[in-house]
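Only this structure's heavy atoms are used, side chains among them; waters, hydrogens and symmetry mates stay out. Below, read A as the first sequence line, B as the second, and so on, with proteins coming before strands; counting in each chain starts at 1.
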Amino acid sequence: MSVPAIHLYDTRRRAVVPFEPLVEGKAGIYTCGPTVYAPQTLGNMRSQFTPDVLRRLLIAAGYEVTFVTNITDVGHLVSDADEGDDKMEKSARAQGISAADVAAHWTEQWATDRRRLGMLEPDVRPAASEHIAEQIAMVQALEAQGRTYLIDDGVYFDVSTFPAYADFAHLNLDELEATGRVETAGKRHPADFALWKLSPPDSTRLQEWDSPWGVGFPGWHIECSAMATKYLGERFDIHTGGVDHIRVHHTNEVAQSECSLDVHPWVSIWVHTEFLDLKGRKISKSAGDVLVVDTLVEEGIDPLAFRYFLFQAHYRSQQEFSIEGVRSAGTALRRIVHHAVAARDAVDGAVNQDDPARTQPYRDEFWGHLADDLNTPRALAVVATVARDAQLSAADRWSLLADFDQVLGFGLADATDPEAADDSAADPRIAALLAERTAARAAKDWAEADRIRDVLAAEGLEIVDTPDGPVARRRT
RNA sequence: GGUGGCGUGGCCGAGUGGCUGAGGCAACGGCCUGCAAAGCCGUCCACGCGGGUUCGAUUCCCGCCGCCACCUCCA
């Protein structure tokens, strides 16, 4: 086994700690998924990327991994502090369609984007709206423990009943209290959060369910606790999400879960992904101008170039986004794939004919960096070296790259050489132009040959002269 | 204002108390080419400012300046 002991930074303990599974040989991961009322931005996708890498690493290390990521299709209010409109309701009303249609649309968009970015399919993808009973049950358990109180607005978690509340995010509750923000009337402490919200007496919501406390809908935080518990058990190994969730959402998840389940720690390791810095384009989702996977596609960029781009920075560092940055990542990726395909085809895909004396050091390096809190930039540096190291035979090279692709997820086994011709030459007119140019070159009529090259260039096609003659391909 | 973090070469971005100063992109030179393109080889370039600790700091400590994130919608 090439993968050494895996270490990860745990937000709760604020330290890099060894990964020690609750059950030998198995690993359970829960990732906060999308609130499906709007497109998922490239920033959102970064926080999905980290668990994908982690999951692939664990699989490569031999663990049987269960990866759960939820769909928030109800209850996520405009404010994480349980105020304002429900995001789903707002979006549905604005478009005059049902909340379910809104959810279905954006869930599909998200799933497609995940695939385009080379992410493995989730093992379980539970929707909050389909787990109302589990959520109610968890609230009831908390109620039975006397940790809740009912006000006009709904059922709230009483933070004062959980002394460890502030520990997770190292909060200063006194300070929180002192901010004096306008809060929901009746809340006893600013940090108290909704477990079940009651529908307003004078109106009907698009999404509402009956409950022991009246018709309403679950608070946003309870869904993750309920679904993670259902699919991963009362305690599980790894919970991931964006750093913005540490203070409120994950703090609340810990509170309600550790109380209702009477466990500690509920989650062994919390992995939080830093933000992608979108600079001037970090515009709120509601404003419309958002950076999504389609934005890249419109720019003629392969979504996998973005995957490569994400590998270049550590997940705990803010990463500066720019289209040019993704483009340069695309160039680097193209060269890697070019070498990988050449090596693969030279040995007909064989991965067991390498010389361990040459390949093992690289394997140790690559997996060692990933096992060291997912140091993907370092791992990627190994990939770049392997792709070009002249000391390696094709068998060595392909054996290594095929191994690394378990985590890279570039689909190297099925990739086509990006430097090879595409189907442009299938167009008879283009094929004729190429033939004309070949004839002109044979006659040493360079002016004519260059003219034809310019004609094709104007159409976005580039000519690559290979030993087997010229080929045309769409410039990327 | 509170809390956390950052400031590395043209750009992105790792990492480290000294050793051989990641990697990618770009640029430049070379090979290849009719010339190019693509590809390959090579070169180049660094640690915000001022103190301190140390035999030695980009790496630790203090101050300053600048930037970012969260606290308020966001992953």
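With a cut-off of 3.5 Å on both pairing distances, the Watson-Crick or G-U wobble partner of B:rG7 is B:rC65. Of all nucleotides present, only B:rC71 satisfies the Watson-Crick or G-U wobble test against B:rG1, with each distance under 3.5 Å. Shown here, B:rC35 forms no base pair; nothing in the strands shown gives a Watson-Crick or G-U wobble contact with both key distances under 3.5 Å. Shown here, B:rA27 forms a base pair with B:rU43; the pair counts as Watson-Crick or G-U wobble because both key distances fall under 3.5 Å. Remark: B:rC60 base-pairs with B:rG52. Criterion, Watson-Crick or G-U wobble with two distances under 3.5 Å.
When the P atom of B:rA36 is taken as reference, atom CZ of A:R437 falls 13 Å away, rounded to whole Å. Spacing between atom CD of A:E320 and atom P of B:rC68 amounts to 10 Å, rounded to whole angstrom units. If you measure from atom CD1 of A:I246 to atom C1' of B:rA75, you get 11 Å, rounded to the nearest angstrom. Taking atom CD of A:Q109 as the reference point, atom C1' of B:rA75 lies 16 Å away to the nearest angstrom. Spacing between atom CG of A:L291 and atom P of B:rC74 amounts to 18 Å, rounded to whole angstrom units. Atom C1' of nucleotide B:rC11 and atom CD of A:E324 are separated by 9 Å, given to the nearest angstrom. As rounded to whole Å, 12 Å separates atom P of B:rC40 from atom CZ of A:R334. Counting to the nearest Å, the P atom of B:rU16 and the CG atom of A:N375 are 9 Å from each other.
Backbone-only engagement by A:R388 is indicated by non-hydrogen atom pairs under 4.0 Å involving sugar-phosphate atoms exclusively. Contacts of A:H250 with the nucleic acid, taken as non-hydrogen atoms under 4.0 Å apart, are absent. A:Q319 comes within 4.0 angstrom of sugar-phosphate atoms only, judged by non-hydrogen atoms across all strands, and of no base. Using a 4.0 Å heavy-atom cutoff across all strands shown, A:R453 reaches at least one base atom of the nucleic acid. Residue contacts for A:T385: at a heavy-atom cut-off of 4.0 Å it reaches no nucleic acid atom on any strand shown. Using a 4.0 Å heavy-atom criterion, one finds that A:G325 contacts no nucleic acid atom at all.
A:H131 pairs by the ring pair (Phe, Tyr, Trp, His ring centres under 6.0 Å) definition with A:Y231, not counting sequence neighbours. Applying the ring pair (Phe, Tyr, Trp, His ring centres under 6.0 Å) criterion to A:Y308, with sequence neighbours excluded, gives A:F410.
Between the side chains of A:Q48 and A:N44, not a single donor N or O lies within less than 3.5 Å of an accepting N or O.
With C1' as the reference atom, B:rG23 and B:rU33 are 30 Å apart, rounded to whole Å. Nucleotides B:rC44 and B:rC25 are separated by 14 Å at their C1' atoms, to the nearest Å. Across the P atoms, B:rG50 and B:rC45 are found 22 Å apart, a figure rounded to whole Å. As rounded to the nearest Å, B:rC47 and B:rA57 have C1' atoms that lie 11 Å from one another. Taking atom C1' on both nucleotides, B:rA75 is separated from B:rC40 by 41 Å, rounded to a whole Å. Separation of the P atoms belonging to B:rG9 and B:rG5 is 23 Å when rounded to the nearest angstrom. B:rG10 and B:rC28: their P atoms are spaced 16 Å apart (whole Å). Comparing B:rG13 with B:rG17, their P atoms sit 22 Å apart, to the nearest whole Å.
Aromatic ring centroids of A:H221 and A:F193 lie under 6.0 Å apart. The distance between the ring centers of A:Y9 and A:W270 does not fall below 6.0 angstrom. Proximity of the aromatic rings of A:F49 and A:Y315 is defined here by a centroid distance below 6.0 angstrom, and this criterion is not met. You'll find the ring centres of A:H245 and A:H272 outside the 6.0 Å limit. A:W196 and A:F217 have their aromatic ring centers separated by at least 6.0 angstrom.
Dashed line: the shortest gap from a side-chain N or O of A:H339 to OP1 or OP2 of B:rC40 is under 4.0 Å. Contact between the side-chain N/O atoms of A:R327 and the OP1/OP2 oxygens of B:rG24 is not found at any separation under 4.0 Å.
Nearest to the side-chain atoms of A:F309 among the listed nucleotides B:rG39, B:rC12, B:rG23 stands B:rC12. Side-chain proximity of A:Q318 to B:rC68, B:rC25, B:rG23: nearest is B:rC68. Taking the side chain of A:Q312 as heavy atoms from C-beta on, and the options B:rA26, B:rC70, B:rG23, the nearest nucleotide is B:rG23. Side chain of A:R441, nearest nucleotide from B:rA22, B:rA26, B:rC35: B:rC35. The listed nucleotides are B:rA75, B:rG2, B:rA26; the one nearest the side chain of A:R247 is B:rG2.
Take the nearest nucleotide of RNA chain B for A:A313 and for A:S328: the residue whose nucleotide is more 5' is A:A313. Of the two residues contacting RNA chain B, namely A:H338 and A:E274, the nearest-nucleotide position lying further toward the 5' end is that of A:H338.
Contact annotation: side chain of A:R378 to base of B:rA14, donor-acceptor pair present below 3.5 Å.
Between the side-chain ring of A:F275 and the base of B:rA69, no stacking contact exists by the 5.5 Å and 30° definition.
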